Amino acid sequence: VLAVEDGMRVGLGTGSTVRWLLLALAERGARDLRCVATSVATEELARDLGLPIEPFDALNRLDLAIDGADQIAPDGWIVKGGGGAHTREKIVAAAADRFIVIADETKVVSSLSAPIPVELLPFGLGATLAALAPTVLRADAPLSPDGGVIADFGGDVSDPALIAAMLSGTPGVVDHGLFAPELTAEIVVASVERGVERRTLR
Ligand code: A5P
């Protein structure tokens, strides 16, 4: 919350960790913030809390984006999309001068592992799934707000850059949940034993 200064254009991520951020921001007061949300759930919660949400098109560039993570590797690679919101989350993160990841210690891993969330175009879905094998549709996941189908890649991710390139290079993939270290400015991890630890990546 301290990173959010008055008047900033802020991208708000999605998930249970971000919920705490929204509560803290609302408690502090909106202070001329201009916010965009990465999901309908975040938009609704933010509005309920009195935080102003604007269409992304009204802002385009952001000073800051803050979001949670499903996995955080030692080299700064991150997996997101447990809630299926990774496509919008990545667009918002990339549009921000600084992208800050917030998480508790359970998200810190020694190396990334499957599943890696992917969002796929409905057109040619069978062909895309075959090209991405082993990838399975996520049971009971609704379409994304942009009409994408949420699935999970189940293969080896010991080389995240290679897998990210493979996923991005497969026709029919809208986007995937691997976030490269270059995207992230800072990772903030909270744990009961060690308190809050901040790691600056760039
Ligand atoms: C949403 O699609 C995800 O990328 C979330 O940001 C991520 O799963 C973290 O969520 P939690 O804070 O709920 O664990």
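Note that the structure is a prediction, hence the values are computed from the model and not measured. Counting convention: from 1, in listed order, for ligands and their atoms alike.
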Is it the case that ligand 1 has an N or O less than 3.5 angstrom from some N or O of G84? yes

Quickly, which of R199, R202, R98 forms a salt bridge (Lys or Arg N to Asp or Glu O under 4.0 Å) with E186? Name it, please. R98

Say whether K107 and ligand 1 are in contact under the criterion: heavy-atom distance to a ligand atom below 4.0 Å. yes

Does G13 have a non-hydrogen atom less than 4.0 Å from ligand 1? no

Considering only heavy atoms from C-beta outward, does the side chain of R88 approach that of S39 to under 4.5 Å? no

Which residue and non-hydrogen atom of the protein lie closest to atom 12 (O) of ligand 1, and at what distance in Å? T17 OG1, 2.5 Å

Name each donor-acceptor pair under 3.5 Å that joins a side chain in residues 113-131 to protein atoms two or more places apart or in another chain, with its distance.
{"from": "E119", "atom 1": "OE1", "to": "T87", "atom 2": "OG1", "distance (Å)": "2.8"}
{"from": "E119", "atom 1": "OE2", "to": "S144", "atom 2": "OG", "distance (Å)": "2.7"}
{"from": "T128", "atom 1": "OG1", "to": "G124", "atom 2": "O", "distance (Å)": "3.1"}

Any nitrogen or oxygen of V18, main chain or side chain, under 3.5 Å from a nitrogen or oxygen of ligand 1? no

Flag side-chain contact, heavy atom, 4.5 Å: V101 against D67: no

Element-labelled atoms of ligand 1 that are located less than 4.0 Å from some non-hydrogen atom of G83: 1 (C), 2 (O), 3 (C)

Donor-acceptor contact below 3.5 Å, side chain R138 vs main chain D152: no

To which protein heavy atom is atom 11 (P) of ligand 1 closest, and what is the distance rounded to 0.1 Å? S16 OG, 3.4 Å

Could you say whether the N/O atoms of A69 and ligand 1 ever approach to under 3.5 Å? no

Less than 4.0 Å between a side-chain N and a carboxylate O, is that true for D97 and R61? yes

As an exercise, identify every atom of ligand 1 less than 4.0 angstrom from a heavy atom of K80. 3 (C), 4 (O), 5 (C), 6 (O)

Atom 2 (O) of ligand 1: which protein heavy atom is closest, and how many Å away? A85 N, 2.9 Å

In the protein, which heavy atom is nearest to atom 1 (C) of ligand 1, and how far is it? E89 OE2, 3.1 Å

Does atom CG of D6 have more than 12 heavy-atom neighbours, drawn from other residues, nucleotides or ligands, at distances under 6.0 Å? yes

Ranked by distance from atom 5 (C) of ligand 1, the top protein heavy atom is T14 O, 3.3 Å

Provide the number and element of each atom of ligand 1 under 4.0 Å from a heavy atom of G82. 2 (O), 3 (C), 8 (O)

Has the side chain of K80 got a donor or acceptor atom that lies under 3.5 Å from a matching backbone atom of G68? yes

Interfacing atoms of ligand 1 (cut-off 4.0 Å, heavy-atom, D67): 6 (O)

What protein heavy atom is closest to atom 8 (O) of ligand 1, reported as residue, atom name and distance in Å? D70 OD1, 2.3 Å

Check whether any side-chain N or O of T42 sits under 3.5 Å from a backbone N or O of G13 as a donor-acceptor pair, and report yes or no. yes

Pairing residues for E197 by the side-chain hydrogen bond (donor to acceptor under 3.5 Å, both in side chains) criterion, not counting sequence neighbours: R194

